[in-house]
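Naming: A, B, ... by sequence-line order, numbering from 1 per chain. Here the structure is a predicted model, which is why all the values come from computation and not from measurement.
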Number of protein chains: 2
Amino acid sequence: MTDFDPADTGKAVSGGEENLTGQLKAAGLRPTRQRLSLGGLLFGNGDRHVTAETLHEEAMAAGIHVSLATVYNTLHQFTDAGLLRSLPVNGSKTYFDTNTTRHHHFYCESGGVLSDVPSGAMEIAGLPEAPEGMEITSVDVVVRIRPKA
Amino acid sequence: MTDFDPADTGKAVSGGEENLTGQLKAAGLRPTRQRLSLGGLLFGNGDRHVTAETLHEEAMAAGIHVSLATVYNTLHQFTDAGLLRSLPVNGSKTYFDTNTTRHHHFYCESGGVLSDVPSGAMEIAGLPEAPEGMEITSVDVVVRIRPKA
DNA sequence: ATTTGTGCAAATCGTTTGCATCTGA
DNA sequence: TCAGATGCAAACGATTTGCACAAAT
């Protein structure tokens with residue numbers, strides 16, 4: 001029942017982020033109650049993988065009232081601002097990762113569970129050159145897994 | 001205006017595949033007119049990346065009448081039969097690749113164009129171990145690119 | 001006061017499904 | 001003949017959008 005304190009806007013959000021308000025402003029985004037609340041959920045609990053739906057449910061459960069549309073908007077705005085990374089995992093749902101550093105993922109199709117590949121466990125050797133006139137923006141590696149036997 | 005010849009069912013489809021009919025039968029799929037026609041488009045022109053939509057348009061343009069639903073069905077059946085590989089490229093559309101060997105892809109978000117990373121240009125070093133009780137089914141690498149400047 | 005964000009519900013997009021009809025073995 | 005395929009259109013799930021209201025600077 002910990003209400004998110006709207007007065008806490010210029011401070012650390014919940015032990016994770018330094019200054020979400022500042023980052024939002026830098027991105028031209030107003031630090032609204034919803035954005036700060038969602039930011040608290042996202043960045044106050046370590047690395048996370050969420051979908052719009054799971055984040056929305058979590059917000060509801062936490063007593064934060066936000067519409068699903070706003071969750072979508074916020075996730076995209078955060079992504080554009082560089083606070084999140086969107087993951088191209090599956091054909092249907094879009095996943096967002098609070099860890100924007102270079103790392104890769106396991107994805108279990110039966111269940112839609114996403115997890116990190118331990119850093120260092122896997123490397124990409126020899127990045128290829130992009131085709132003429134193109135530049136590489138990111139490299140996504142998805143290791144698909146399924147329950148054994 | 002080369003009509004696909006329905007009589008050519010037991011033979012090479014168009015210079016690419018040996019015996020599509022046999023492969024379909026082996027997979028428990030009847031070699032119907034539609035499946036052979038779509039197979040001709042898919043396997044008779046070298047390696048290809050298609051979506052249901054692009055393949056459907058191509059079929060129409062070639063004078064082959066198939067419904068979009070049948071294209072979807074066929075793509076999935078071919079995939080299950082191991083003739084195609086489905087690519088988890090983007091959040092929305094599903095791509096299918098006629099090259100089922102291990103290779104990776106460039107994906108240009110602006111335009112949705114998919115192309116192969118030249119084989120050997122890139123390697124994955126050190127496949128990680130799957131989490132407890134899981135096994136790896138595939139590893140997909142997508143190199144996202146955008147037009148330079 | 002002005003500008004930007006939010007919520008809701010309707011609209012959209014890709015994909016799947018139910019069912020009557022047709023086709024290949 | 002008869003199981004299996006196809007076509008159509010309606011159903012679906014995830015995401016986006018338009019517009020009236022609310023909140024932040």
Side-chain angles (χ1 to χ4, degrees), chain A residues 4-10 20-22 24-39 49-57 59-60 64-81 84 86-96 109 112 114, chain B residues 4-10 20-22 24-39 49-57 59-60 64-81 84 86-96 109 112 114:
Chain A
F4 184 81
D5 182 355
D8 189 30
T9 46
L20 183 55
T21 300
L24 292 179
K25 282 187 174 169
L29 296 173
R30 279 188 195 165
T32 64
R33 182 159 30 264
Q34 293 73 342
R35 297 213 261 240
L36 290 168
S37 297
L38 293 174
H49 304 111
V50 304
T51 65
E53 199 181 19
T54 62
L55 182 59
H56 184 236
E57 283 170 6
M60 303 294 253
I64 299 169
H65 178 250
V66 269
S67 74
L68 184 55
T70 296
V71 172
Y72 275 105
N73 287 338
T74 302
L75 286 172
H76 287 141
Q77 291 153 352
F78 282 14
T79 300
D80 292 344
L84 292 177
S86 77
L87 300 177
V89 161
N90 194 28
S92 44
K93 295 171 186 241
T94 301
Y95 287 78
F96 294 85
E109 325 238 357
L114 199 62
Chain B
F4 184 82
D5 182 355
D8 188 29
T9 45
L20 183 55
T21 299
L24 291 180
K25 282 186 174 169
L29 297 173
R30 278 190 196 164
T32 63
R33 183 159 30 265
Q34 296 70 344
R35 298 212 260 240
L36 290 168
S37 297
L38 293 175
H49 304 111
V50 303
T51 64
E53 199 181 19
T54 62
L55 183 58
H56 185 236
E57 284 170 5
M60 303 292 253
I64 299 167
H65 178 252
V66 270
S67 74
L68 184 55
T70 296
V71 172
Y72 274 105
N73 287 337
T74 302
L75 286 171
H76 287 141
Q77 291 154 351
F78 281 14
T79 300
D80 291 345
L84 293 177
S86 77
L87 302 177
V89 162
N90 195 25
S92 44
K93 294 173 185 238
T94 301
Y95 286 78
F96 294 85
E109 324 239 356
L114 200 62

### Query
About how many Å separate OG1 of B:T74 and CZ of B:F96, when rounded to the nearest 0.5 Å?
10.5 Å
### Task
Return the value, rounded to whole Å, for the distance between atom CG of B:L24 and atom P of D:dT6.
10 Å
### Query
If you fit an axis to the five pairs at each end of the helix from C:dA1-D:dT25 to C:dA25-D:dT1, how big is the angle between those two axes, to 10 degrees?
30°
### Query
Are B:Q77 and D:dA5 close enough that a side-chain N or O sits under 4.0 Å from OP1 or OP2?
no
### Task
Would you confirm whether A:R35, through its side chain, and A:R30, through its main-chain N or O, come within 3.5 Å as a donor-acceptor pair?
yes
### Message
Does D:dT15 have its OP1 or OP2 closer than 4.0 Å to a side-chain nitrogen or oxygen of A:T94?
### Response
yes
### Message
Within the 4.5 Å heavy-atom criterion, are B:L24 and B:L36 side-chain neighbours or not?
### Response
yes
### Query
Do A:L75 and A:L38 come close enough that some side-chain heavy atom pair is under 4.5 Å?
no
### Query
With the sugar-phosphate defined as primed atoms, P, OP1 and OP2, and the base as all remaining atoms, what B/S/- string results for nucleotides 20-25 of chain D, 5' to 3', for protein heavy atoms under 4.0 Å?
----BS
### Summary
Nearest heavy-atom approach of B:Y95 to B:G112 is OH-O, 2.6 Å
#### Entry: Separation of D:dT6 P from B:M60 CE (nearest whole Å)
16 Å
### Task
Find the distance A:E53:CD to D:dA14:C1' and express it as a whole number of Å.
9 Å
### Task
Return the value, rounded to whole Å, for the distance between atom CG of A:L75 and atom C1' of D:dT16.
14 Å
### Message
When you measure from the side-chain N and O atoms of B:H76 to the phosphate of C:dT15, is any distance below 4.0 Å, counting only OP1 and OP2?
### Response
no
### Task
Figure out the CD/P separation between A:Q34 and C:dC8, and round it to whole Å.
11 Å
#### Entry: Side-chain touch B:H56/B:Y72, heavy atoms, less than 4.5 angstrom
no
### Whole-Å distance separating the NE2 atom of A:H65 from the C1' atom of C:dT6
10 Å
### Query
Where along residues 67-74 of chain B does a heavy atom come under 4.0 Å from DNA chain D, residue by residue in number order?
B:S67, B:A69, B:T70
#### Entry: Rounded interatomic separation in angstrom, taking CZ from B:R35 and P from C:dT23
15 Å
### Query
Is there a donor-acceptor pair closer than 3.5 Å between any side-chain N or O of A:T54 and the backbone N or O of A:V50?
no
### Task
Indicate, with a heavy-atom threshold strictly under 4.0 Å, whether A:H56 touches base, sugar-phosphate, or nothing.
nothing
